[in-house]
Each structure stands twice: as structure tokens, then as C-alpha cells.
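Because only heavy atoms are used, hydrogens play no part in the values below, and waters and symmetry mates are left out as well, while side chains stay in. In this text, all values refer to a predicted model and were calculated from it rather than measured experimentally.
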Amino acid sequence: MLSTVGISDVNNSQESGSDRIFIIGGGIVGASLAYFLSKDKEDKHQVILIDKSLDILQGSTGHAPGFVGQLNESSVLTILAKDSVSEYIKVPNGFSVVGGLELSSTPDGIQTLHRRKELALSSGLLAELITPEKAASLAPDFIHARRVKAGLHFASDGTADAQKITSYYIHEAQRQGVQLLEAEVTGFSSEDQQITTINSVDGSINLNGSRLILATGIWTETLTKNIIDFPVPIIPVAHPYTFTHSRPRRSGIPYPFVRWLDHHVYARDHGDHDGLAWPSTFESVLSEAAAHLKNGQQFLVQGSSGDSDEKKPFNGIFSVTPDNLPLAGKVPGLSNLWLCAAIWVTTAAGTAKLISRQVLGKGSSHDEVLMKALCPSRFEGVEAGVLEKQALAKYNDIYNRDS
């Protein structure tokens, strides 16, 4: 169990005059922020991490399937993903470098694989075009060699256990002095262009000039609607995820996670189960998504498992933005507020490191390019309906193109 403090303890600590940084949101992004901020011993500050529940992950982190492909059409996201993986591999049992494999059976898809190979190599990522037979040998229970024409293998990609990573970062942050506060935040009060109070169900927290970072994911827009006067277009979307029944663990070289480029289907080995993601409905899983896997008949449709010990199908939750980039950086017009939201597991640690450097005033000239791309106010002046339509189009791109 984690050791937590109370609101009165936090309010009393302001009297000591210590420099405080509040983080709201205890998922993988908030935990990463707390971890990286607590590692900096040169800047004397007290970090307080706040979430409704710090022992049980209730947001998107708790439902992340863990696919981590570092290559993205956006060079910004590729940089952040590579930096995230460099951190995840340091977490005990947090990241498995099993590789990623993309498959295609169409001329357009094969052309995309060739283009993505060149993009990967120019980004410093290992990528190799392989034959259908080689692809099938890497994941024989998943892949019909005769149904695909080409594969692209990314050796340094892998699968992340978001819950283990988050737990590790929280425990390490606490060990390094971060205070943990369980409270349900409902909003904020502001005065003279700064956030003065965090309002919660259990009472108010006086910021007294402290810095505040919101790592609140899909709840960010609701929490900030009364204090931010520009659009915060973080659109929540869902994707179905299901499993096979439990089975003996496979021996030999671990399977890479597999993406069927032409059919928008992803699959991975979870050790004693296989997992399957697709942008459709549970009712169509066997006729659509699972049809592309060699062991597709073994996957469960929603509600089909009567065994309470089996992993249950679920709708995963994540967020999209109009340009597919996070909203991360200092909020214009408010001197002490930062956003770090709309971030997937793939880029969580890298983005948190970036924002930690900025909050502590230790950013580099290289960081400036990234910060400009992630600026929270970049959608100012665009209508909400237009932004939502653009964001949902990006969700479609994630599965239906080559992001």
C-alpha cells in the first residue's frame, strides 16, 4: 500500500515557503512526471501527485494493450516514442523488446511498407523488409504466410506493461520524496493570471504560487473549461480489445506484436493469453478482425467467457487530437499552469521528461522545436465542431492508414 498525505498536510506545508509542484493525474503520464521531477536534485522543490485513486488505475493507463511502435509519420512523435522506450527498458519487467511486425497483401500496402522502412532508417530505427515465410516464422500462431505478401520488422519495438511502469514510477517517486495525495479534483480557482486553488470533493488546496501540471487525459477539457479560454480538443475514443482463453506459455523466441496494415488489426502475446485489437464492434470480431489471424477462432467475443479467472474483453479508452499530437506545455495567460495530456503509453515517458525539463527551466534548443509542435493553445480560433471532426479523422488514420 502507498503512504498518502491529507489535504491539511499539503496546505500546512505551504507555510514553510517551499517551492511546490502539483501534478494532477496518477496514470503513466503523471507518474512519469513525478518520477522525473523527483530525480532532479539541483532544483529544490516539493512534488505532490494527486489522483482519486493511486492504488487502482481508473483511467486509460489501466486499459492500455501495450503496443509500442516507435515509428510515426510525425517526427515529433517518433522522437518522443524513442525516448520513452529508452526509459521503459530500465523498469523491471516493464517493457519487452519483442519487436513489431507490419504485414500487407496489397500493392498500396506493400508500397507503404517500403516507404516506412526508409522513414524508419532515417529516424535511427532498425527496420527490415521480410518475406511472408519469414514473417510467419516469427509469429506462427498468428500469421498465414499465404495470406500476406510482405512484412516490415522493427527489431527495437515491443510491448509495455503500463500498470507496472506506472507503479514503479510512483513508488520510486515517493522514495525520492514525492508526496501522494488521494483526492477527487473538481476544478480550479484563478486570480491575477494564476491558479490559486485546487478544488476537490474533500476540500480546497491552496497553491500559494506553486506550479501545477495537469496530466488528466480525457478529463482535461472538462476540468479546464472555466479557466482556459482556448480550445482543448482532447476527444475520447474507444477501441475493442479481446483475448484468447488462457494457455500454456510459448517457449522459444517471443512473438513480435503484429499489425495487419490492410485490415486495421493488431495482435500480441500476453504470456498466457493472446490479445487482439481492432476498430470495430465486439459483435463483428470473429467475422472481421479474427479472420486475419491463424488462431482467430480462439479469441473471445464480449461476454463469451464464463470463467471468472479469464481475461475479459473490454473497450479500451484513449484520446485523440486534431493533429494527433499531445497538448503539452505552459498555458498562455496563466503563469503557473502546464498541460501534459492526450498522451499514449508509446510517448508518455518521453513527453513527461520533456515537460519536466521545461517546468524546471532546463530545456534545450532542441526542445524548443518539440514544444512548439505540442503547444496547448495551437488550436485557438478554430471552432469546436471542426476540431472534433479533425480529431475523429485522426482516429480513423491511426487504424486505416500508416501512422
Side-chain angles (χ1 to χ4, degrees), residues 19-43 45-51 59-61 74-88 162 165-166 169-170 172-173 176 178 188 194-195 198 207 210-221 223-224 228 230 232 234 319 321 323-378:
D19 183 15
R20 300 182 302 168
I21 303 173
F22 287 84
I23 302 165
I24 299 178
I28 192 168
V29 177
S32 298
L33 284 164
Y35 173 72
F36 292 119
L37 286 168
S38 68
K39 287 182 67 176
D40 190 300
K41 302 304 180 185
E42 298 177 6
D43 189 272
H45 53 266
Q46 175 65 56
V47 178
I48 302 99
L49 178 62
I50 306 174
D51 196 280
S60 59
T61 298
S74 163
S75 61
V76 171
L77 291 178
T78 299
I79 291 168
L80 295 174
K82 288 173 63 180
D83 200 15
S84 296
V85 169
S86 74
E87 294 296 334
Y88 294 157
I165 293 170
T166 302
Y169 282 160
I170 288 177
E172 285 298 299
Q176 293 168 163
V178 171
F188 311 95
Q194 68 174 331
I195 306 299
I198 300 172
L207 293 187
S210 303
R211 287 165 285 183
L212 172 63
I213 312 173
L214 302 187
T216 43
I218 62 175
W219 293 282
T220 304
E221 184 174 18
L223 286 171
T224 60
I228 292 180
F230 54 78
V232 182
I234 300 175
S319 55
T321 64
D323 58 6
N324 207 28
L325 296 175
L327 297 179
K330 194 171 184 301
V331 174
L334 290 166
S335 62
N336 62 338
L337 180 62
W338 297 72
L339 296 189
C340 199
I343 301 165
W344 298 7
V345 171
T346 301
T347 58
T351 309
K353 281 178 65 179
L354 173 66
I355 296 303
S356 297
R357 292 194 296 269
Q358 301 301 311
V359 170
L360 298 178
K362 298 182 178 182
S364 66
S365 57
H366 173 71
D367 289 347
E368 291 178 9
V369 176
L370 302 177
M371 295 305 300
K372 183 177 180 180
L374 305 180
C375 178
S377 62
R378 64 186 183 272

Atom pair CG/OG1 of L77 and T347 - distance to nearest 0.5 Å:
6.0 Å
Nearest 0.5 Å please: distance from the CD1 atom of I24 over to the CD1 atom of I198.
4.0 Å
Going from CD1 on I228 to CG on L334, what distance comes out if it is rounded to the nearest 0.5 angstrom?
6.5 Å
CA sep, side-chain torsions, deciding dist, call: I23, L37, side-chain contact (heavy atoms from CB on, under 4.5 Å)
CA-CA 10 Å; I23 302 165; L37 286 168; 3.9 Å; yes
Taking only residues two or more places apart in sequence or in another chain, which ones pass side chain to side chain contact (heavy atoms under 4.5 Å, CB included) with S365?
none
Partners meeting side chain to side chain contact (heavy atoms under 4.5 Å, CB included) with E368 (sequence neighbours left out)
none
Rounded to the nearest 0.5 Å, how far apart are NZ of K330 and CG of N336?
7.5 Å
Can you list the residues that meet the side-chain hydrogen bond (donor to acceptor under 3.5 Å, both in side chains) rule with E172, with sequence neighbours excluded?
R175
Around atom NZ of K362, are there more than 12 heavy atoms of other residues, nucleotides or ligands at under 6.0 Å?
yes
Heavy-atom distance under 4.5 Å between the side chains of L325 and R378, does that happen here?
yes
Using side-chain hydrogen bond (donor to acceptor under 3.5 Å, both in side chains) as the criterion, list what pairs up with S74, not counting sequence neighbours.
none
Results of side chain to side chain contact (heavy atoms under 4.5 Å, CB included) for I48 - residues two or more places apart only
V10, R20, F22, Q46, I50, Q179, L181
Can you see which heavy atom on L212 is nearest to which on I195, and at what distance?
CD2-CG2, 3.9 Å
Can you list the residues that meet the side chain to side chain contact (heavy atoms under 4.5 Å, CB included) rule with K39, with sequence neighbours excluded?
Y35, F36, Q176
Side-chain donor/acceptor of W344 to backbone N/O of P326, under 3.5 Å:
no
After noting the C-alpha distance and the side-chain angles of L49 and Y169, does the key distance pass the side-chain contact (heavy atoms from CB on, under 4.5 Å) rule?
CA-CA 11 Å; L49 178 62; Y169 282 160; over 6 Å; no
Separation between CD1 of I234 and OG1 of T224, rounded to the nearest 0.5 Å
7.5 Å
Over all atoms of both residues, closest heavy-atom pair of T351 and C340
CG2-SG, 4.0 Å
I'd like to check S84 versus V345 (side-chain heavy atoms, cut-off strictly below 4.5 Å). Are they in contact?
no
Please give me the minimum heavy-atom distance between A349 and S32, naming the atom from each residue.
CA-OG, 4.0 Å
Hey, what do you get for CG (L207) to CD (Q194), rounding to the nearest 0.5 Å?
8.0 Å
Please collect all salt bridge (charged side-chain N to carboxylate O under 4.0 Å, His left out) contacts where either partner lies in residues 340-351, sequence neighbours excluded, each pair once.
none
Do W338 and L33 have side chains that approach each other closer than 4.5 Å (heavy atoms only, starting at C-beta)?
no
Mind checking what makes side-chain hydrogen bond (donor to acceptor under 3.5 Å, both in side chains) contact with K353, not counting sequence neighbours?
D83, E87
Can you list everything that forms a side-chain hydrogen bond (donor to acceptor under 3.5 Å, both in side chains) with T220? Sequence neighbours excluded, please.
T216
Please report the closest heavy-atom contact between A352 and S356, naming both atoms and the distance.
O-OG, 2.7 Å
Heavy-atom nearest pair, A373 first then V76, reads CB-CG2, 3.9 Å
Is there a side-chain contact between L374 and I355 in this structure, where contact means two heavy atoms from C-beta onward sitting under 4.5 Å apart?
no
Begin with the C-alpha distance, continue with both residues' side-chain angles, and end with the deciding distance and a verdict on side-chain contact (heavy atoms from CB on, under 4.5 Å) for R357 and D40.
CA-CA 9 Å; R357 292 194 296 269; D40 190 300; over 6 Å; no
I need the minimum non-hydrogen distance between G329 and M371, along with the two atoms involved.
CA-CE, 3.6 Å
